[in-house]
A.B. asks: 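I have a structure here, written as structure tokens, and I will follow up with some questions on it.
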Amino acid sequence: MPDNDLAPLPRDFYARPTLVVARDVLGKTLVHRSAEGLTAGIIVEAEAYVSAIDPAAHGYRGLTARVRSMFGPPGHAYVYRSHGIHFCLNLVTEREGEAAAVLLRALQPTEGIALMRARRGERIADRDLCRGPGRLCQALGVTLMHDGADLVTPDPGSLWVAQTPNFALETPIATSPRIGISRAADWLWRFYIPGNPYVSARPA
DNA sequence: CCGCGGATCTTCT
DNA sequence: GAAGATCCGCGGA
């Protein structure tokens, strides 16, 4: 796959309403290039978080050190540590100061599967390599080092989102409540590709 | 297959 | 002190 096909999406893609980005990012490819090699997968599940109106969003109660990147400009990464152990990757959306982002919850692995398995465990099935927000970060080698990283003009050896070559344009998209939250628990702000086996959970 | 607890860092009450 | 945008391994059905 030539690098031309993996060109980063422009900042305009991120500087839109978060619900639109969360839906539109399905079918795009997340890429991480590091010294270990290149890993990538098709985004099959994502959730929207909009601090201005959303009590489940990390920025809802204002700026803290952890959530600083979410308040920054669109087209950057917001990576946070979850439950002390795992990392979760968000794409910052809207405009600087809005603290809106899209959480990536699952990928269909396409490149660097052997490297993903080296990071995740040799016995992990393909289906489980990137199924879940913490798992996909582990599989791609995404850590707090990537918090705040620019996804549009990425440094060499970093992280971005690209158009997926030959991806079907008319892929169906489903919605459901977001996973694992207690506030705004009935909002249909989770988007996923129905029937795709790499999606982390089926709707309740 | 399902439910539960442990790991362990940030934020909130 | 407790909860949280999680995951894994264990025990029981």
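Letters A, B, ... are given to chains in the order of the sequence lines, protein chains preceding strands, and every chain is numbered from 1. Since we're looking at a predicted model, the values are computed, not measured.
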A.B. asks: For A:Arg183 and B:dC12, what is the distance between atoms CZ and P respectively, to the nearest whole Å?
C.D. replies: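 Atom CZ in A:Arg183 sits about 10 Å away from atom P in B:dC12.
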
A.B. asks: Return the value, rounded to whole Å, for the distance between atom CG of A:Asp147 and atom P of B:dC9.
C.D. replies: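 In whole Å, B:dC9 P lies 17 Å from A:Asp147 CG.
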
A.B. asks: Indicate yes or no: does A:Asp150 engage A:Arg11 in a salt bridge with an N to O separation below 4.0 Å.
C.D. replies: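 The answer is yes: the pair qualifies as a salt bridge.
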
A.B. asks: Counting only Watson-Crick or G-U wobble pairs whose two distances fall under 3.5 Å, which nucleotide matches B:dT8?
C.D. replies: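 None - no nucleotide pairs with B:dT8, as no candidate has both distances under 3.5 Å.
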
A.B. asks: In terms of side-chain heavy atoms of A:Met70, which of B:dC9, B:dT13, C:dA5 is nearest?
C.D. replies: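 Among the listed nucleotides, the one closest to the side chain of A:Met70 is C:dA5.
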
A.B. asks: Rounding to the closest angstrom, what is the interatomic distance between C:dA2 and B:dG5 at atom C1'?
C.D. replies: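 Rounded to whole Å, the distance is 16 Å.
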
A.B. asks: Once you round it to whole Å, what is the distance between C1' of B:dT8 and OH of A:Tyr80?
C.D. replies: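 From A:Tyr80 OH to B:dT8 C1': 15 Å.
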
A.B. asks: Taking only side-chain N and O atoms of A:His83, does any of them lie within less than 4.0 angstrom of OP1 or OP2 on C:dA3?
C.D. replies: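 Checking A:His83 against C:dA3: no side-chain N or O falls below 4.0 Å of OP1 or OP2.
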
A.B. asks: Nearest-Å distance, CD (A:Glu47) to C1' (C:dG4)?
C.D. replies: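 Checked: the CD to C1' distance equals 14 Å.
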
A.B. asks: Need to verify one output field. Residue with the more 5' nearest nucleotide on DNA chain C, A:Arg120 or A:Gly180?
C.D. replies: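 Residue closer to the 5' terminus by nearest nucleotide: A:Gly180.
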
A.B. asks: Under 3.5 Å, is there a donor-acceptor pair linking the side chains of A:Gln138 and A:Arg120?
C.D. replies: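 Side-chain D/A pair, A:Gln138 to A:Arg120: present.
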
A.B. asks: A:Arg123 has an atom CZ; how far is it from atom C1' of C:dC8, in whole Å?
C.D. replies: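 Those two atoms, CZ and C1', are 12 Å apart.
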
A.B. asks: Can A:Asp54 and A:Arg178 be counted as an ion pair, charged N to O under 4.0 angstrom?
C.D. replies: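 A:Arg178 and A:Asp54: salt-bridged.
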
A.B. asks: At under 4.0 Å between heavy atoms, what does A:Arg81 touch on the DNA or RNA strands: base, sugar-phosphate, or nothing?
C.D. replies: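 The residue A:Arg81 makes sugar-phosphate contact but no base contact.
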
A.B. asks: Below 6.0 angstrom between ring centroids: does that apply to A:Tyr80 and A:His58?
C.D. replies: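 Yes, they do, as the ring centres are separated by less than 6.0 Å.
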
A.B. asks: Expressed as a whole number of angstroms, how long is the span from A:Arg135:CZ to C:dT6:P?
C.D. replies: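 After rounding, the gap between these two atoms is 12 Å.
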
A.B. asks: Quick one: which of B:dT13, C:dT6, B:dT10 gets closest to the side chain of A:Arg61?
C.D. replies: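 Between B:dT13, C:dT6, B:dT10, the one nearest the side chain of A:Arg61 would be B:dT13.
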
A.B. asks: Give none if C:dA5 has no partner; otherwise give the nucleotide forming a Watson-Crick or G-U wobble pair with it, both distances under 3.5 Å.
C.D. replies: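 Base-paired to nothing in any strand shown.
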
A.B. asks: Once you apply a heavy-atom cut-off of 4.0 Å, does A:Ile85 come out as touching a base, just sugar-phosphate, or nothing?
C.D. replies: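 Counting heavy atoms under 4.0 Å across all strands, the contact made by A:Ile85 includes a base.
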
A.B. asks: Taking atom types as modelled, is there a side-chain donor on A:Glu111 or A:Thr39 under 3.5 Å from an acceptor on the other?
C.D. replies: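 A:Thr39 and A:Glu111 do not have a side-chain donor-acceptor pair below 3.5 Å.
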
A.B. asks: Nearest of C:dG4, B:dC12, C:dC7 to any side-chain atom of A:Ser182?
C.D. replies: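 Looking only at side-chain atoms, A:Ser182 lies closest to C:dG4.
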
A.B. asks: Here's a test of your reading of the structure: between A:His86 and A:Ala65, which maps to the more 5' nucleotide of DNA chain B?
C.D. replies: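 First, find each residue's nearest nucleotide; the 5'-ward one identifies A:His86.
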
A.B. asks: If you measure from the P atom in B:dC4 to the same atom in C:dA3, how many Å do you get, rounded?
C.D. replies: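 Nearest-Å result for B:dC4 against C:dA3 at atom P: 15 Å.
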
A.B. asks: From CD1 of A:Ile179 over to P of C:dG4, roughly how many Å is that when rounded to an integer?
C.D. replies: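 So the two atoms are 15 Å apart, to the nearest Å.
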
A.B. asks: Specify the separation, in whole Å, of atom CH2 of A:Trp187 and atom C1' of C:dA5.
C.D. replies: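 So the CH2-C1' distance, A:Trp187 to C:dA5, works out to 14 Å.
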
A.B. asks: Does A:Ser82 make a side-chain N or O approach to OP1 or OP2 of C:dA5 shorter than 4.0 Å?
C.D. replies: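 Checking A:Ser82 against C:dA5: no side-chain N or O falls below 4.0 Å of OP1 or OP2.
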
A.B. asks: When both hydrogen-bonding distances must be under 3.5 Å and the geometry is Watson-Crick or G-U wobble, what is C:dA13 paired with, if anything?
C.D. replies: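 Check on C:dA13: unpaired, no WC or wobble geometry under 3.5 Å.
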
A.B. asks: Can you see whether A:Arg131 engages A:Ser200 through a side-chain donor-acceptor pair at a distance of less than 3.5 angstrom?
C.D. replies: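 Distance-only check fails for A:Arg131 and A:Ser200.
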
